[in-house]
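Residue numbers begin at 1 in each chain, while the letters A, B, ... track the order of the sequences.
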Amino acid sequence: MSFLMLERKDRGVCVDIELYRSNKNLSDDLVDSIFEKAVSGKTLIKNRRTLTIDYVPEKLPFRDEETKTIAQTLAVVLKGARPSNLLLFGKPGTGKTAVIKNVVQRLHQKAKDLGIEVTVPFVNAKSANTGYKVLYEIAENMGINQEEEKKLQVHFTGLSMGEATDRILDFIQKKKKLHVVLIIDEVDSLVERNGDDILYNFTRANEQISGGGFISLIGISNSLTFKDKLDPRVRSSLSEEEMVFNPYTVEQLQKILADRAKLAFNDDVISSAAINLCAAMAGRENGDARKAIDLLRVAAEIAERERLTNVEEKHVRLAQEKIEKDTNHEVLKNSTTHTKIIILAIMKSKNGNTGEVYDIYSSLCNNAEHEPLTQRRITQIISELDQLGLVSSDVVSKGRYGRSQRIKITVPTLTIREAFKDDPSLSTWDLVD
DNA sequence: GCTCCACCGGAAATTAGGGTGG
DNA sequence: CCACCCTAATTTCCGGTGGAGC
């Protein structure tokens with residue numbers, strides 16, 4: 001029931017595209033670097049793990065206040081009392097998850113020393129995908145499924161939401177003094193998909209639990225407007241305390257990167273100009289530290305591959321391109337056949353208005369002997385592509401001649417061609433022109 | 001001003017697939 | 001076996017709507 005174990009589990013189920021990509025690169029590069037090392041006898045990178053996304057540093061610069069407050073809030077657990085529910089807000093890459101994980105790790109240690117049992121299930125609502133899966137993950141994390149009695153387990157499907165929730169609460173009840181601090185990362189995506197029922201049940205749960213057990217909730221949200229979507233009752237009880245993580249400034253990012261670089265690289269391998277450039281580029285994207293560290297890692301990997309002995313600014317620029325290209329490639333490659341056909345249709349269309357794209361799409365479908373989807377569905381898929389940044393679309397009104405969208409591909413044709421070339425369901429003639 | 005095109009985009013319903021408890 | 005649960009993708013239905021042209 002250690003936190004580390006839970007963390008690994010969380011990593012295992014993660015389907016985040018970015019994570020997936022970087023993990024993949026990681027193993028590729030591992031092999032590369034072994035070869036590289038054999039050839040040159042030395043490497044740039046001394047500790048690769050410190051550049052991965054889920055590495056939690058010992059100390060988080062510029063987050064002392066936040067760390068302290070959270071620690072104070074959670075500390076009451078050590079006295080057997082229920083901590084306030086807590087809501088953390090902040091843009092991606094502002095250190096929310098890192099701070100929480102850091103504090104929880106230490107809390108666990110302390111609790112262990114004192115012989116107090118605290119259960120801290122950690123769920124990422126986004127990678128869990130569905131509301132039910134969130135419950136399942138929680139149950140799994142809490143060890144409910146080790147129960148001998150089958151009737152108390154939470155299966156991965158088949159139960160109703162209410163039943164699953166009840167079983168989790170019963171478990172807490174039965175174990176008497178179970179102290180639970182439930183952390184839900186990216187709660188906003190949970191609420192968007194399933195409403196706030198689950199949160200409601202958990203916030204209310206303490207009234208039903210008797211015998212010394214309790215459950216506290218920590219929600220982590222990327223969206224600052226998330227609270228508006230909650231039912232007032234849930235809102236007030238969930239945010240007994242709340243905290244906003246502000247984006248890092250460029251100067252702060254520089255410091256963070258410099259610290260991290262010390263851990264990750266051998267001495268004098270990376271120029272401060274390169275670090276500053278990483279910071280500047282990530283700074284433009286809302287001060288996203290994750291992005292900055294990503295850039296640093298990829299830049300180093302590029303330099304390493306070229307067998308250079310240090311990382312320069314140009315590698316950072318190359319890294320930027322590579323990251324973008326890889327994400328696009330991954331998304332394109334893994335999209336459904338219909339989505340691919342739609343992209344082809346958009347490429348073939350002249351003005352990119354909906355009707356035209358839909359006509360081209362339908363005829364492509366007929367050629368390939370695919371049943372075409374409805375136009376409604378197509379607009380939906382297009383707007384999904386828009387959100388992924390593969391396509392840009394804005395509505396234009398042409399007065400008399402109706403309203404439509406102007407849809408344009410924002411990815412190089414080459415990237416698309418490369419991503420699609422392995423798909424057997426697209427005939428080759430679709431790809432020309 | 002008013003019309004009316006050619007769509008947009010929300011909401012509910014349907015379909016299909018994988019499971020459960022009694 | 002039957003009633004019922006959950007999800008995901010898609011269809012069905014339908015109430016808007018910006019602005020060129022009358």
Worksheet item: Would you say the side chain of A/R376 and the base of B/dG10 hold a donor-acceptor pair, judged only by whether the two atoms sit under 3.5 Å apart?
Response: yes

Practice prompt. Would you confirm whether A/K96, through its side chain, and A/K91, through its main-chain N or O, come within 3.5 Å as a donor-acceptor pair?
Written response: yes

Worksheet item: What is the distance from CE of A/M161 to C1' of C/dC5, rounded to the nearest Å?
Response: 10 Å

Worksheet item: C/dT10 phosphate, OP1 or OP2: any side-chain N/O from A/R377 under 4.0 angstrom?
Response: yes

Worksheet item: Counting just side-chain N and O atoms, does A/T354 come under 4.0 Å of either OP1 or OP2 of B/dC8?
Response: yes

Any idea which of [options] is nearest the [X] side chain?
{"X": "A/S397", "options": "C/dG19, C/dC6, C/dT12", "value": "C/dG19"}
{"X": "A/R400", "options": "B/dT20, B/dT3, C/dT11", "value": "B/dT3"}
{"X": "A/L373", "options": "B/dG19, C/dG21, C/dT10", "value": "C/dT10"}
{"X": "A/T379", "options": "B/dC8, C/dT10, C/dC6", "value": "B/dC8"}

Fill in: Polar contact flag, side-chain donor to acceptor under 3.5 angstrom, A/T97-A/D185
yes

Worksheet item: Any side-chain donor-acceptor pair under 3.5 Å between A/S349 and A/E356?
Response: no

Discussion item. Counting the atoms with a prime plus P, OP1 and OP2 as sugar-phosphate, which does A/E163 contact under 4.0 Å by heavy atoms, base, sugar-phosphate, or nothing?
Written reply: nothing

Worksheet item: Touch check for A/N194, heavy atoms < 4.0 angstrom, all strands: base, sugar-phosphate only, or nothing?
Response: sugar-phosphate

Discussion item. Do the side chains of A/D188 and A/K126 get close enough for a salt bridge, i.e. N-O under 4.0 angstrom?
Written reply: no

Worksheet item: Taking the nucleotide of DNA chain C with the closest heavy atom to each, which residue, A/I381 or A/Y401, is nearer the 5' end?
Response: A/I381

